[in-house]
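Comments concern the structure below.
Values below: every heavy atom of this structure, side chains too, minus hydrogens, waters and symmetry copies. Bear in mind that the values here come from a model prediction, so they are computed numbers and not experimental data. Just follow the structure's listing: the first ligand is 1, and inside any ligand the first atom is 1.
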Amino acid sequence: MSNDNHGTQSGDNSLNVGVGDFRGANVNISHNERPTFTPEQLRIERHPALGGLSVDSKNVSVFGYITGVGTMIGLYFTLYRPPFGEQSSWSTFFMFLFIVAVMAVVMSAVLRRRKFEHFFGSRHYLEISQAGRLRVNRLTAQCPWCGSLMHLRRVGPTEGPRDDKFICVRNPAQHTVQLDPTVLPDIED
Ligand SMILES: [Zn+2]
């Protein structure tokens, strides 16, 4: 298809609807369109949390399965065998452990695929290294507009879609960069 522009774009700078032929014209629909930056330009740095603690993701899965089976047995006895389960606090405890177990299995499975996942709070992220070890990191960058410090944060409505953005400490409203975690360098052990 020809990209020639057959219409006229002359006018008095008012908005002409349905008059022009915009083929070939560069119409910028999004006002939020931002330039993209490389990790080098942003000077992205990882800051290990929890004292740089790392856990083998296979161990996390195994822990999850064992705890999951254990809590199922525990729940069975507390719910259906009254002699063992007079106190409902035990079933609450086992329910809690079961959720922890399921989370552990799901988290390590998701992380093996995505390598990067929001963890807790607004600034902590779970990452997986090349050798399959889980680590908790905070990430910072240098603002490409003003050179100030930026923190990677999980932002957005509580019930809505949330984004991981580097937010400038000096101009948090305008200086933001959305992170594509796939551009982050791999973590070597
Ligand atoms: Zn800035």
Side-chain donor/acceptor of Ser148 to backbone N/O of Cys143, under 3.5 Å | no
Whether Asp56 side chain and Lys58 backbone form a donor-acceptor pair below 3.5 Å =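 Side chain of Asp56 to backbone of Lys58, a donor-acceptor pair under 3.5 Å: yes, one is there.
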From the options Arg154, Gln178, Arg153, select the one residue that forms a side-chain hydrogen bond (donor to acceptor under 3.5 Å, both in side chains) with Asp163.
->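 Going through Arg154, Gln178, Arg153 one by one, the side-chain hydrogen bond (donor to acceptor under 3.5 Å, both in side chains) with Asp163 is satisfied by Gln178 alone.
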Less than 4.5 Å apart, any side-chain heavy atom of Phe166 and any of Leu139?
-> yes
Minimum heavy-atom distance Arg138-Arg123, with the two atoms named |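 In this case the closest contact between Arg138 and Arg123 is CG-O, 3.4 Å.
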Going by distance alone, is a donor N or O of one side chain under 3.5 Å from an acceptor N or O of the other, for Ser54 and Arg133?
-> yes
List-wise, which protein N, O or S atoms are found short of 2.8 Å from the Zn ion (ligand 1)?
-> Cys143 SG, Cys146 SG, Cys168 SG, His175 ND1
